[in-house]
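Just so we're on the same page: letters track the sequence lines, and every chain starts at 1. What you see is a predicted model; the values in this text were computed from it and never measured.
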Amino acid sequence: MTAIIKHRLFWPASALVVLITVNMLANASFARITVRDGHLYGALIDILRQSAPLMLVALGMTLVIATRGIDLSVGAIMAVSGAVALTIIDGSEDPGGFGTIMIAILVALLVSLVLGAWNGFLVSVLGIQPIIATLVLMLAGRGTALLITSGEITTVVSAPFKQIASGYLVILPVAFFIWVAAVVVVGVVERRTALGMLTEAVGINPEASRLAGVRSRGIIWTAYIASGVLAGVAGIIYSSNTMAADANSAGYLIELYAILAVVLGGTSLMGGKFSIAGTVIGVLIVQTLESTILFLGVAPAKSPVFFALVVIFVVLVQSPRVHRWGRSVFGSSRTSSAPDEDAEKKEVAA
Amino acid sequence: MTAVETEKAPRNAVFAGIDTFVNRHASVLPTVAAAVILSVLLVGANIRFDGRFLTPGNISALLLNNAFLMVLAVGMTFVIVTAGIDLSVGSVMGFTGILGASMLSGGVPAIVVIPTMLVAGALIGLLIGVLVQYFNVQPFIASLAGLFLGRGLAYVVSLNSIRVEDPVVLWLQTTRFRLGDWYITPTGIIALVVVAIGALVMQYTRFGRTVYAVGGSESSAELMGLKVARTKVMVYVISGLCGGLAGLLLTAFSGAGYPRYGIGTELDVIATVVIGGTLLAGGRGYVLGSMIGVFVFATITTIISFMGAEQSWTHIIVGGLLLLFIVVQRAIVARTSRTG
C-alpha cells in the first residue's frame with residue numbers, strides 16, 4: 001500500500017480519477033460512450049481527441065524542462081506551422097489532393113524543426129537563458145505567422161486535411177492515435193536508449209555531466225528540436241480542427257498550459273528527473289479540468305481563475321514550508337512512525 | 001615595418017582607454033547602447049520621412065500612447081533586478097482596468113475607484129511575492145498563477161467592454177498642457193513621475209540598494225543582514241501596484257475597460273526592460289534604461305505605422321532587437337566575469 005502511495009505518479013493519477021468521478025456524479029452522461037457507425041463518441045472520447053495539441057506540446061516541453069530549460073515559443077511555432085500548412089493548401093490547385101497535403105505537412109514540420117533548432121542554438125551554443133532565448137521567437141514567431149497569412153485568417157476547404165483532427169481510425173479519433181504514437185516514440189527513444197538518462201544528467205548537474213563526458217550541447221539542442229517539431233505537429237492538428245490559420249489565437253497560452261501539465265505530472269522545473277507518463281496524466285488533468293469547467297456551465301473565458309487556483313494549490317502542496325506545517329500538525333498523533341520518516345526526508349533534502 | 005609599429009602604439013592607447021571605460025562602466029553599457037539605437041531610429045526615421053517624423057506633435061504622441069507601458073516597465077525593472085520575473089502585469093492591467101470601468105459605470109466615485117484599482121493590483125503582486133518568497137515557488141510559475149488569476153477575474157467582472165464616462169478619468173487623457181507645439185497629458189506626467197520615483201528609489205534608498213544586492217547575490221545579501229525577504233515580496237507588490245496604475249492609464253487612454261486588454265503585454269514589457277539594459281540574471285539595470293527601452297518600442301511602432309506596413313512587423317523587429325541585446329549583454333557579462 002505504501003509502495004503505491006509513494007509512487008510518484010500516485011497523486012497525479014488520483015487527481016485525475018477524482019476529477020473524472022466528480023464529473024460522473026455531477027452528470028451521468030459524462031461517462032456515456034456511444035457507438036455510431038463503428039465510431040466511439042462521448043465526453044471522455046472528446047477529451048482524448050482534444051488533448052492532442054497540448055499533449056504533443058507538453059511532451060516536447062518535458063524534454064526541454066528535463067534539461068533545465070523552458071520553451072516559451074511553442075505557441076508561436078504552432079501558429080507558424082498552421083499558417084504554413086494552410087497557406088500551401090490554400091495556394092495549391094488541388095486542395096483536397098493527398099500530395100498537396102503531404103507537401104504542406106512536410107514543409108510545416110520542416111519550418112518547425114528549423115525554429116526549434118534556432119532555439120536550441122541560442123540556448124546550447126550561445127548559452128543564453130532559455131526563458132529569454134525562446135521569448136525572442138515567441139515575439140517574432142507570431143508576427144511571422146501573421147505575415148505568412150498576410151494578417152488574415154486563411155480558411156481552406158480540404159476534406160482529407162480535416163480528417164487529421166476530426167477523423168476516425170478504426171473506432172477512435174485519428175488525433176488520439178497521433179499523440180499516442182508520439183508518446184510511444186519519445187518514450188522508446190528516451191527510455192530504451194541512454195538518451196533519457198543523459199538528459200536527466202544534464203538537467204541535474206550540467207557541469208558534472210560535462211566533466212563526465214556527456215555531450216550536453218547536443219542533448220540540449222535535440223530537446224529543443226524535438227519540442228519544435230512536436231509543436232509543429234500540434235499546429236497542424238490545431239489548424240486541421242479549425243480549418244483556419246488564425247495566427248493570433250493558434251496556440252495562444254498553450255506554453256503555459258503545457259508547463260502546468262508537466263509540473264502536474266511531477267517533473268520539476270529545476271530540471272533533471274522527468275516522467276513521460278506523468279506528463280500524459282498531467283495533460284489529461286488539464287484537459288478534463290477544462291471540460292469540467294465547461295460542463296459546470298462556467299463561461300470558458302472565466303476558466304483561468306480555476307487554473308490559477310489549481311496552480312496555487314499544486315505549488316503550495318509541493319512547497320517545503322507547507323510540508324513542515326503538515327508535519328507539525330499531524331506529527332504529534334503518529335510520533336511512532338514520524339521520526340524515521342523525518343530523518344529520511346532530511347537526508348534527501350541534504 | 002617601423003611605420004606600422006609606431007602607428008600601432010597610439011591606437012593601442014585608445015583601445016586601452018576604451019577597455020578601461022568598458023570595464024569600469026560595464027553595467028551602463030547596454031543602456032548607453034539602447035540610447036544610441038533610439039537616436040539612430042529617430043534620426044533615421046526623420047531622414048526617411050523628410051523631416052516629418054521628429055515633430056513636436058509626433059514625439060509628444062510617443063509618450064501619450066505608451067504611458068501605461070512605461071509604468072509597467074518601471075515595476076518590471078524592480079522585479080527583474082532581483083533576478084525574478086513577473087508574467088502577470090498584462091492581465092493585472094486588464095483586470096484593474098475592467099474593474100475600475102465597471103465600478104465607475106456603477107456610480108462609484110473616482111476617488112474610491114482609483115485607490116481600489118491600485119490596491120487590487122498590489123494584492124495580486126503580494127500573492128505572487130508571498131508565493132515566491134515564503135513557499136519557494138519559482139517566480140515564473142508564481143506569476144503565471146497571477147496571470148491566470150488576473151485574466152480570469154477580468155472576465156468575471158465583465159465579458160464585454162464597458163465605456164467610461166467619468167470626467168475625472170477622462171480628464172487624465174483629454175487635458176493637454178501645451179508648450180508651443182509640444183503637449184503632455186496628465187497620463188504622460190504620471191508616467192514620467194513614476195519613472196522619476198522609480199529611478200530615485202532604486203538609486204538612493206536603502207530599499208533600492210537592497211534590490212540590487214539581492215539580484216547580485218541573494219545569499220550574500222542575506223549574510224550582510226539585509227532584509228531580503230521583505231525586499232523580494234515588495235518588488236512584486238510594486239510591480240502589481242504599477243499594473244494597477246497602468247490599468248487606470250489604459251482605461252483613461254481608451255475610454256473603456258475591456259477584459260482582453262493587455263494580452264501579451266507582459267512580453268512587450270519584458271522586452272523593453274531587457275532592451276533598456278537590465279540584465280535578466282539580476283543585479284544590474286536602470287529604471288531610466290527601461291524608459292529608453294519603452295521609447296525604442298514606441299518609435300518602432302510609430303515608424304511602422306508611418307510606413308503603412310503591417311503592425312506584425314513590430315514584434316518581429318522587437319524580437320530581433322531583443323536578441324541583439326541579449327547577445328551584447330552576454331558578451332559584457334562574459335567580459336566582466338573574466339576580468340573581475
Side-chain angles (χ1 to χ4, degrees), chain A residues 70 72-73 76 118 122 126-129 131-133 135-151 247-249 252-253 255-257 259-260 263 268-270 293 298-322, chain B residues 85 87-88 91 124 127-128 131-132 134-142 144-159 259-260 263-264 267-268 270-271 274 279-281 309-327 329-331 333-334:
Chain A
I70 205 141
L72 295 183
S73 68
W118 164 254
L122 292 183
L126 297 188
I128 296 169
Q129 283 167 292
I131 286 192
I132 296 315
L135 179 63
V136 171
L137 206 51
M138 186 180 186
L139 283 172
R142 226 168 258 285
T144 315
L146 276 169
L147 283 187
I148 294 172
T149 60
S150 6
N248 281 315
S249 66
Y252 166 65
L253 279 189
E255 53 280 339
L256 302 180
Y257 285 105
I259 293 166
L260 176 63
V263 174
S268 160
L269 278 173
M270 302 303 290
I293 293 168
V298 180
K302 293 174 187 168
S303 68
V305 177
F306 290 85
F307 281 101
L309 297 179
V310 170
V311 174
I312 293 171
F313 177 74
V314 169
V315 295
L316 286 183
V317 165
Q318 290 179 350
S319 124
R321 184 175 286 256
V322 172
Chain B
I85 200 143
L87 297 179
S88 73
S91 60
I124 295 183
L127 171 75
I128 298 170
L131 284 178
V132 169
Y134 293 104
F135 295 99
N136 283 341
V137 182
Q138 288 176 348
F140 184 81
I141 293 296
L144 174 61
L147 185 155
F148 282 142
L149 188 64
R151 188 59 62 198
L153 288 176
Y155 284 115
V156 170
V157 173
S158 168
L159 290 172
R260 290 179 68 85
I263 287 183
L267 302 176
D268 292 344
I270 296 172
V274 171
L279 223 57
L280 275 148
E310 295 254 6
Q311 271 306 331
S312 41
W313 276 105
T314 312
H315 279 126
I316 299 178
I317 294 170
V318 169
L321 263 187
L322 187 64
L323 178 68
L324 179 75
F325 271 80
I326 299 159
V327 174
Q329 290 188 359
R330 181 91 204 129
V333 172

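Residue Leu122(A) touches chain B through its side chain alone, counting heavy-atom pairs closer than 4.5 Å. Looking at Val137(B), only its side chain comes within 4.5 Å of chain A, counting heavy atoms on both sides. Contact of Leu147(B) with chain A is made through the side chain alone, with heavy-atom distances under 4.5 Å. Heavy atoms closer than 4.5 Å to chain B are found nowhere in Ser303(A), neither backbone nor side chain. Only the side chain of Leu159(B) comes within less than 4.5 Å of a heavy atom in chain A; its backbone stays farther off. In this structure, chain A has a heavy atom under 4.5 Å from the side chain of Ile326(B), while its backbone stays farther away. Both the backbone and the side chain of Tyr134(B) come within less than 4.5 Å of a heavy atom of chain A.
Per-residue counts of heavy-atom pairs under 4.5 Å with chain A were compared for Gly320(B), Gly152(B), Ala142(B); the largest is that of Gly152(B). Interface remark: of the candidates Ile141(B), Leu131(B), Ile85(B), Ile141(B) forms the most heavy-atom pairs closer than 4.5 Å to chain A. Chain A forms the most heavy-atom pairs under 4.5 Å with one residue out of Leu87(B), Asp268(B), Leu149(B), and that residue is Leu149(B). The choice from Leu147(A), Ile131(A), Ile128(A), Leu316(A) that makes the most heavy-atom pairs within less than 4.5 Å of chain B is Leu147(A). Here Leu280(B) is the residue among Ile263(B), Leu280(B), Thr314(B) with the most heavy-atom pairs under 4.5 Å with chain A.
To the nearest 0.5 Å, atom CD of residue Gln138(B) and atom CD1 of residue Ile70(A) are 7.5 Å apart. Of the inter-residue distances, the one linking Leu322(B) atom CG with Met138(A) atom CE reads 12.0 Å to the nearest 0.5 angstrom. Atom CZ of residue Phe135(B) and atom CZ of residue Arg321(A) lie 6.5 Å apart, to the nearest 0.5 angstrom.
In this structure, the side chains of Phe148(B) and Leu309(A) stay at 4.5 Å or more apart for every pair of heavy atoms. Counting heavy atoms from C-beta on, the side chains of Ile312(A) and Leu127(B) come closer than 4.5 Å. Under the 4.5 Å side-chain criterion, counting only non-hydrogen atoms from C-beta, Ile316(B) is not in contact with Leu146(A).
Contact record, His315(B) with Leu139(A): CB-O, 3.4 Å, taken as the closest heavy-atom pair.
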